[in-house]
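Both backbone and side-chain heavy atoms feed into the values below; hydrogens, waters and symmetry mates do not. In each ligand, atom 1 is the first atom listed, and ligand 1 is the first ligand listed.
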Amino acid sequence: MINNIKGFVEQLNYEAEVFGKDFEYSGKRVFISGMGGSGAVADLLSDWLDGEIIPVKGYKLPAFAENGDLGIFVSYSGNTEETLSVLDKAIRKGLRCICISSGGALEEIARDRGLLFLKVPSGFQPREAYGFLISAVVKALKIVGYLSEDAQREYSSAVGKLSSYLPELSSEDSKTYEVAGKLYRRIPLIYSQFYSVAVRWKNQINENAKNFAHISIFPEHNHNEIEGFEFPDFFKDKAWIIFLRTDFDHGRVKLRMEVVKEILREEVVGISEVWAKGESKLEQILYLIWFGDFVSYWLALMNSTDPYRIDRINSLKERLKIHTSGG
Ligand code: F6R
């Protein structure tokens, strides 16, 4: 897995194979449906492109989706039932649909119906194919003419610069290893303005390190979670806060994070801070995500667990297969 984490930038540069008929999309709204490691792409695009990208998690297509809107369906395996369910509804409602997977039912449906389909390499865990899925979605948005020239330039430049951070992120005397050490045998509380960053950290820590983790998004955190530190009493000895910070955080969020550090200092075992590097918003988001991927890997080793093992997810999917009802 470490080699695939190190290979993030190569994945971000990957040109997915394209099948089916391309088209022009001149509308504004884009729904991206996906779960887990695949759905994380929707969160990233939504944070990067500010709002017009609507992540869809779960079985339902939002009621306001209309005939002619664009829907992108991302499932690494191609067999995730929630994503297939949203695709079915989108086709029936007349959305323009693009599918992205390494194979599975999503590929079959796309090919049968002649939908635009982008194929990513197989043989990875979905979460370690994150870069392939991001580059495929970016390519799809480019093909249909949705992605502006500025955004395309920002993507190329961010990905181009990212590789220079590999040495400082990937070694065992790096800050990534130090942060993993702080989280070892603790409950990580991950705080960020950007959902895509916080949730990728949490998901990677959950799946790779089999470690519980919690996220909270600023400034919403300040209106509720900040009060929740009195009970249970053992929590204080277990919780470690990580602030994930970027230059693109709102000015008041930057201030709020400083004040929260002062208020919560005595309420947790410790507080760490990771500042993003890079120039553009996308580069900073990708830097923090990549940083977190390494942290999750080191934490897996510290927890003496196999980062590949996802027994509970597999067992859940197997058990669900037996039941065809509930749709
Ligand atoms: C497993 C993983 C999961 C999957 C999720 C959806 O590595 O990361 O979160 O991504 O169960 O499956 P796919 O990505 O195949 O649609």
Side-chain angles (χ1 to χ4, degrees), residues 1-5 7-8 11 14 16 31-46 55-61 71-90 97-110 115 117-137 140 190 195-213 215 289-290 292-297 299-300 303 305-321 327:
M1 180 170 286
I2 187 70
N3 286 333
N4 291 327
I5 294 177
F8 186 45
Q11 292 191 14
Y14 185 77
F31 297 92
I32 304 184
S33 158
M35 303 300 295
S38 298
V41 184
D43 302 321
L44 176 85
L45 270 286
S46 171
V56 179
K57 307 284 175 81
Y59 294 90
K60 286 189 175 165
L61 180 68
I72 302 183
F73 300 84
V74 188
S75 166
Y76 182 73
S77 64
N79 292 322
T80 293
E81 63 176 39
E82 295 93 322
T83 311
L84 294 172
S85 154
V86 184
L87 173 64
D88 181 52
K89 289 171 182 114
C97 297
I98 304 176
C99 300
I100 297 173
S101 80
S102 65
L106 200 57
E107 174 170 7
E108 275 172 37
I109 297 167
L115 303 177
F117 173 66
L118 284 81
K119 191 174 174 87
V120 296
S122 57
F124 295 82
Q125 282 284 334
R127 60 189 180 283
E128 53 172 2
Y130 191 41
F132 288 128
L133 297 171
I134 295 170
S135 57
V137 172
I190 302 160
Y195 179 75
S196 59
V197 173
V199 79
R200 173 73 180 176
W201 270 63
K202 184 192 84 70
N203 293 351
Q204 289 288 76
I205 288 173
N206 293 155
E207 291 185 62
N208 293 341
K210 283 24 120 193
N211 207 113
F212 186 83
I215 66 170
I289 283 173
W290 205 14
D293 283 5
F294 282 105
V295 170
S296 72
Y297 178 76
L299 191 56
N303 284 343
T305 188
D306 173 4
Y308 275 111
R309 203 167 48 73
I310 43 164
D311 299 344
R312 292 176 190 84
I313 293 179
N314 290 337
S315 156
L316 177 81
K317 287 184 179 178
E318 282 307 312
R319 290 180 203 206
L320 286 170
K321 266 191 213 160

Asker: Under 3.5 Å between any N/O of Val74 and any N/O of ligand 1: does that happen in this structure?
Answerer: no
Asker: Under 4.0 Å from a heavy atom of Met35: which atoms of ligand 1 are those, numbered in the order shown and with their elements?
Answerer: 5 (C), 6 (C), 10 (O)
Asker: Would you please classify the geometry between the Tyr130 ring and the Phe8 ring as parallel, tilted or perpendicular, with 30° and 60° separating the classes?
Answerer: parallel
Asker: Pick from Glu128, Gln125, Gln11: which one makes a side-chain hydrogen bond (donor to acceptor under 3.5 Å, both in side chains) with Asn4?
Answerer: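 By the side-chain hydrogen bond (donor to acceptor under 3.5 Å, both in side chains) criterion, Asn4 pairs with just one of Glu128, Gln125, Gln11: Glu128.
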Asker: Distance to 0.1 Å, residue and atom name: give those for the protein heavy atom nearest to atom 11 (O) of ligand 1.
Answerer: Lys317 NZ, 2.8 Å
Asker: Any donor-acceptor pair under 3.5 Å linking the side chain of Lys119 with the backbone of Glu107?
Answerer: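 Not at all, since once roles are kept as given, no pair shorter than 3.5 Å links the two residues.
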Asker: With heavy atoms under 4.0 Å as the rule, classify the contact between Glu207 and ligand 1 as side chain, backbone, both or neither.
Answerer: side chain
Asker: Between atom SG of Cys97 and atom CG of Leu115, what is the distance when rounded to the nearest 0.5 Å?
Answerer: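 The CG atom of Leu115 is 6.0 Å from SG of Cys97, to the nearest 0.5 Å.
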Asker: Check each atom of ligand 1 against the heavy atoms of Ser75 and keep those under 4.0 Å away; list them by number with element.
Answerer: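 By the 4.0 Å cutoff, the relevant atoms are 13 (P), 15 (O), 16 (O).
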Asker: Taking only heavy atoms of Arg127 into account, list the atoms of ligand 1 that are under 4.0 Å away from them.
Answerer: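 So the answer, numbered in order with elements, is 1 (C), 7 (O), 8 (O).
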Asker: Charged N to carboxylate O under 4.0 angstrom, Arg127 versus Asp293?
Answerer: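 A salt bridge is absent here (no side-chain N lies under 4.0 Å from a carboxylate O).
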Asker: May I ask you to identify the nearest protein heavy atom to atom 14 (O) of ligand 1, giving residue, atom name and distance to one decimal place in Å?
Answerer: Ser38 OG, 2.5 Å
Asker: For atom 15 (O) of ligand 1, grab the closest protein heavy atom and report residue, atom and distance to one decimal in Å.
Answerer: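 Ranking protein heavy atoms by distance from atom 15 (O) of ligand 1, first comes Ser77 OG, 2.7 Å.
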Asker: Between CD1 of Ile205 and CG of Asn211, what distance do you get to the nearest 0.5 Å?
Answerer: 6.5 Å
Asker: Taking atom CZ as the centre, does Arg312 end up with more than 12 heavy-atom neighbours from other residues, nucleotides or ligands that are less than 6.0 angstrom away?
Answerer: no
Asker: Students should be able to answer this: which protein heavy-atom is nearest to atom 10 (O) of ligand 1, and at what distance?
Answerer: Gly37 N, 2.9 Å
Asker: Please report the interatomic distance CZ(Phe117) to CD1(Ile98), rounded to the nearest 0.5 Å.
Answerer: 12.0 Å
Asker: Under 4.0 Å from any heavy atom of Gln125, which atoms of ligand 1 are there?
Answerer: 1 (C), 7 (O)
Asker: Any idea which of Thr80, Ile313, Thr83 brings a heavy atom closest to atom 12 (O) of ligand 1?
Answerer: Thr80
